[in-house]
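In what follows, a structure is listed as structure tokens, so that the remarks can point back to it.
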Amino acid sequence: MALESRITQEEIKKEPEKPIDREKTCPLLLRVFTTSSGRHHRPDEFARGNVPSSELQIYTWMDATLKELTSLVKEVYPEARKKGTHFSFAIVFPDPRGKAYRLKDIGSTVSGRKGADDSMTLQSQRFQIGDYLDIAITPPNRAPPLSTRMRPF
């Protein structure tokens with residue numbers, strides 16, 4: 001007699017994230033690619049084993065928040081420390097249907113300001129070990145580009 005699981009997708013989403021003990025859990029290597037143009041890298045820049053040259057390697061955990069990752073990037077790029085600098089995050093992952101890569105916008109933070117996405121974690125956005133993180137950095141004197149979900153039409 002076969003048993004079936006009756007757990008729905010809604011029940012899975014409602015489960016709270018399990019806290020990660022950073023003392024006992026080995027960190028993962030997060031490969032981060034940044035741009036200071038305010039736009040993300042194109043997916044084809046990750047094709048055929050190539051990656052953009054602006055790589056940061058960060059050892060962190062799946063419960064790392066976007067605000068925490070923002071502070072790590074600001075340590076490396078002093079120009080990104082200015083108040084009002086906008087950080088837009090996207091996960092870059094291989095397309096399961098082919099050899100291409102896809103980008104999934106996951107949130108944004110602003111240096112010196114609290115935001116709704118600050119406490120968002122990699123785990124909550126279904127980041128998988130082996131995926132890349134792409135961060136588009138926009139200086140405070142330039143408005144961040146409109147994302148596709150913020151179109152006025």
Side-chain angles (χ1 to χ4, degrees), residues 5-43 45-47 51-97 100-140 142-151:
S5 174
R6 301 246 186 241
I7 298 174
T8 65
Q9 288 294 88
E10 292 152 5
E11 290 173 325
I12 292 170
K13 289 178 184 174
K14 288 180 186 175
E15 284 184 28
E17 290 180 17
K18 295 176 184 163
I20 294 175
D21 183 352
R22 291 185 174 195
E23 293 292 321
K24 294 182 180 176
T25 304
C26 184
L28 62 98
L29 173 62
L30 179 63
R31 295 179 72 186
V32 178
F33 299 92
T34 61
T35 64
S36 56
S37 66
R39 299 201 178 274
H40 288 288
H41 289 97
R42 294 183 326 273
E45 292 182 74
F46 296 92
V51 291
S53 60
S54 60
E55 181 176 1
L56 289 175
Q57 294 186 346
I58 298 173
Y59 286 95
T60 190
W61 293 265
M62 292 293 281
D63 65 347
T65 64
L66 296 188
K67 196 64 167 182
E68 182 181 347
L69 295 170
T70 298
S71 67
L72 293 170
V73 170
K74 289 191 314 190
E75 286 179 22
V76 178
Y77 295 118
E79 67 274 8
R81 295 178 190 158
K82 293 179 185 167
K83 188 173 184 174
T85 301
H86 186 269
F87 297 82
S88 176
F89 293 82
I91 294 174
V92 182
F93 60 97
D95 187 342
R97 296 173 298 198
Y101 279 79
R102 298 185 61 197
L103 262 78
K104 174 187 165 194
D105 288 322
I106 60 169
S108 63
T109 61
V110 179
S111 186
R113 292 191 205 137
K114 292 188 180 200
D117 296 339
D118 288 358
S119 61
M120 190 175 294
T121 66
L122 294 174
Q123 187 174 20
S124 71
Q125 295 304 302
R126 301 176 134 194
F127 178 88
Q128 294 182 359
I129 294 174
D131 291 349
Y132 304 134
L133 192 64
D134 193 71
I135 305 175
I137 302 170
T138 308
R142 288 193 315 190
L146 287 175
S147 74
T148 53
R149 60 185 160 180
M150 293 173 41
R151 288 193 177 167

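As the structure is a computational prediction, the values presented were derived from the model and not from experiment. In what follows, every heavy atom counts, from backbone to side chain, and hydrogens, waters and symmetry copies are set aside.
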Donor-acceptor pair, Arg81 side chain versus Lys74 backbone, under 3.5 Å?
yes
Asp117 side, atom CG; Phe87 side, atom CZ - distance, nearest 0.5 Å
14.0 Å
Glu75 meets the side-chain hydrogen bond (donor to acceptor under 3.5 Å, both in side chains) criterion, sequence neighbours left out, with none
Under the side-chain hydrogen bond (donor to acceptor under 3.5 Å, both in side chains) test, which residues partner Thr34, sequence neighbours left out?
Tyr77
Can you see which heavy atom on Ser111 is nearest to which on Ala80, and at what distance?
OG-O, 4.1 Å
Using modelled atom types only, decide if a donor and an acceptor are shared between the side chain of Trp61 and the backbone of Thr25 within a distance under 3.5 Å.
yes
State, yes or no, whether a side-chain contact exists between Lys82 and Pro139 at a heavy-atom distance under 4.5 Å.
no
Check this for me: does any side-chain nitrogen of one of Arg39 and Glu45 sit under 4.0 Å from a carboxylate oxygen of the other?
no
Does Gln128, at its CD atom, have more than 12 non-hydrogen atoms belonging to other residues, nucleotides or ligands within less than 6.0 Å?
no
Residues Asp105 and His40: closest non-hydrogen pair is OD1-NE2, 3.5 Å
Start with the C-alpha distance between Leu69 and Thr109, add both sets of side-chain angles, then the distance that settles side chain to side chain contact (heavy atoms under 4.5 Å, CB included), and finish with yes or no.
CA-CA 10 Å; Leu69 295 170; Thr109 61; over 6 Å; no
Is the side chain of Lys104 donor-acceptor paired with the backbone N or O of Phe93 at a distance under 3.5 Å, no angle test?
no
Which pair of heavy atoms, one from Glu68 and one from Ala64, lies closest together, and at what distance?
OE1-CA, 3.5 Å
Could you check Tyr59 against Leu28 for side chain to side chain contact (heavy atoms under 4.5 Å, CB included), going step by step and ending with a plain yes or no?
CA-CA 5 Å; Tyr59 286 95; Leu28 62 98; over 6 Å; no
What are the two closest non-hydrogen atoms of Gly38 and Thr138, and how far apart are they?
CA-OG1, 3.1 Å
On a heavy-atom basis, which atom in His41 and which in Leu103 lie closest, and how many Å separate them?
O-CD2, 3.6 Å
Drop me the distance from Leu122's CG to Asp63's CG, to the nearest 0.5 angstrom.
8.5 Å
Taking C-beta and beyond as the side chain, do Val92 and Arg31 meet within less than 4.5 Å on heavy atoms?
no
Rounded to the nearest 0.5 Å, the CD1 atom of Ile20 sits from the SG atom of Cys26 at a distance of 11.5 Å
Gln125 side, atom CD; Met62 side, atom CE - distance, nearest 0.5 Å
11.0 Å
The single option from Thr70, Thr35, Val73 that satisfies side-chain contact (heavy atoms from CB on, under 4.5 Å) with Ile137 is Val73
About how many Å separate CD1 of Ile91 and CD1 of Ile106, when rounded to the nearest 0.5 Å?
4.5 Å
In terms of heavy-atom contacts, Pro94 and Asp131 come closest through CD-OD1, 4.0 Å
Should the pair Phe46 and Tyr101 be assigned to parallel (<30°), tilted (30 to 60°) or perpendicular (>60°) ring geometry?
tilted
Take Phe127 and Thr121, measure what side chain to side chain contact (heavy atoms under 4.5 Å, CB included) needs, and give me the verdict at the end.
CA-CA 9 Å; Phe127 178 88; Thr121 66; over 6 Å; no
Spatial distance of atom CG (Asp118) from atom NZ (Lys67) [nearest 0.5 Å]
4.5 Å
